[in-house]
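Only one structure is covered here, and it is reproduced in the block below.
Both ligands and their constituent atoms are indexed starting at 1 by order of listing.
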Amino acid sequence: MAKATIQGIELAYTDQGKGTPILLIHGFPLNRSMWDPQVEALSRDCRMIAVDLRGHGESETPLWRYSMDIFADDLSSLLNHLSIDRAVIAGFSMGGYVAFAFYRRHRARVQGLILVDTRPQPDSPEGQQGRFKMAQTARKEGAHPIAETMLPKLLSEKTRQGRTDTVDRVRTMITRTDRIGIAGDLMAMADRPDSVPTLDEIKCPTLVIVGEQDGLTPPADAKLMADRIEGAKLVTIPDAAHLTPLEQPEAVNRAIKDFLKSLR
Ligand code: MLT
């Protein structure tokens, strides 16, 4: 693990392997360890950079503003710090929302996009209300009830019944997240702009991955992204809900490897 002061905030990241740089952006309310299976398997051929966004994991948690644009600018500054001009940007769920912001603000740096279990639409008014309620729960009761709400959304029934190690791992990731980081994400997600118009602007190689049973960002959203982004490839992962990189790591790694081959 390494740390760097980026835009005045200390960010923690993993930088492993050599080759094409792939910047991995985690989802809500997780941290960079959700990408461990990808870092492990793909760092033999690529430079895998997994970062804890501000407010998460081992990064600093400022009591100040959070937004997709701020997250994206943190990542662009981290690439400067690492002397990397261009990278493949891979975002899971909220990380995908950050990837869209990154594309809008720093597109010259994007060698390719990997959009994993995410969606381009903004929150509905009901969705925003749900974010508000969840932030109040986090403030009053901390991260534990957030973990119990999120687990059935992140992992399929089969995984929750049969893979206690995976369930415990995800629960620990969430319960270790500072409530300020949780509320920061929720406010940032509630305020995020519509990225549907961005889909028509994306002109880099793009891979879209979705779990067959993803109820949070369903396969229909993945299809919308793959249909609207020129030349995008869609891979649907069987036996997985939302958190496909941890639920079905081999299938996700295979999809990413095939995509990277097509870049060379
Ligand atoms: C995520 O998995 O990052 C979030 O749950 C996505 C969302 O709530 O919109």
Side-chain angles (χ1 to χ4, degrees), residues 23-35 38 50-57 59 66-68 70-72 75 89-102 114-138 143 145-156 159-160 166-167 169-171 173-179 181-196 198 208-211 213-222 224-225 237 240-248 252:
L23 181 62
L24 302 158
I25 318 169
H26 62 76
F28 166 82
L30 307 172
N31 60 55
R32 72 187 197 282
S33 71
M34 66 155 278
W35 296 109
Q38 285 68 47
V51 59
D52 285 337
L53 294 171
R54 54 170 73 200
H56 300 79
S59 289
Y66 289 77
S67 74
M68 298 306 146
I70 291 172
F71 286 141
L75 297 175
I89 307 295
F92 162 75
S93 201
M94 183 182 79
Y97 312 157
V98 178
F100 288 129
F102 191 96
I114 305 178
L115 300 168
V116 185
D117 296 277
T118 190
R119 65 181 157 186
Q121 306 91 334
D123 278 3
S124 62
E126 300 74 43
Q128 289 177 326
Q129 194 55 26
R131 306 280 194 206
F132 172 78
K133 283 197 184 132
M134 197 183 264
Q136 306 322 302
T137 303
I146 308 301
E148 297 321 311
T149 304
M150 289 307 294
L151 278 167
K153 297 182 179 176
L154 292 167
L155 302 172
S156 69
T159 302
R160 279 182 285 126
T166 304
V167 177
R169 191 168 166 179
V170 178
R171 181 181 283 114
M173 250 189 262
I174 299 176
T175 54
R176 287 200 180 146
T177 306
D178 193 304
R179 63 186 83 189
I182 293 178
D185 286 351
L186 290 164
M187 288 188 266
M189 288 194 286
D191 283 346
R192 76 185 190 280
D194 186 359
S195 291
V196 173
T198 307
V208 178
I209 295 177
V210 68
Q213 300 159 35
D214 188 347
L216 243 180
T217 53
D221 290 341
L224 169 73
M225 294 189 289
I237 309 285
H242 189 56
L243 192 44
T244 52
L246 268 186
E247 272 200 295
Q248 296 300 343
V252 169

Mutual orientation of the aromatic rings belonging to F92 and W35 [parallel < 30°, tilted 30-60°, perpendicular > 60°]: perpendicular
Which N or O atoms of ligand 1 sit under 3.5 Å from a protein N or O, and how far apart is each pair?
{"unit_1": "ligand 1", "atom_1": "2 (O)", "unit_2": "S93", "atom_2": "OG", "d": "2.8"}
{"unit_1": "ligand 1", "atom_1": "2 (O)", "unit_2": "H242", "atom_2": "NE2", "d": "2.9"}
{"unit_1": "ligand 1", "atom_1": "3 (O)", "unit_2": "F28", "atom_2": "N", "d": "2.8"}
{"unit_1": "ligand 1", "atom_1": "3 (O)", "unit_2": "S93", "atom_2": "OG", "d": "3.0"}
{"unit_1": "ligand 1", "atom_1": "3 (O)", "unit_2": "M94", "atom_2": "N", "d": "2.9"}
{"unit_1": "ligand 1", "atom_1": "8 (O)", "unit_2": "R131", "atom_2": "NH1", "d": "2.7"}
{"unit_1": "ligand 1", "atom_1": "9 (O)", "unit_2": "Y97", "atom_2": "OH", "d": "2.6"}
{"unit_1": "ligand 1", "atom_1": "9 (O)", "unit_2": "R119", "atom_2": "NH2", "d": "2.8"}
{"unit_1": "ligand 1", "atom_1": "9 (O)", "unit_2": "R131", "atom_2": "NH2", "d": "2.9"}

Over 12 foreign heavy atoms within 6.0 Å of CZ, R160: yes
Any side-chain heavy-atom pair of H56 and D185 under 4.5 Å: yes
Side-chain heavy atoms of M189 within contact of Y97, under 4.5 Å: yes
Heavy-atom pair of closest approach, residues S33 and R169: O-NH2, 3.7 Å
Nearest atoms (heavy-atom pairs only) where A143 meets I174: CB-O, 3.4 Å
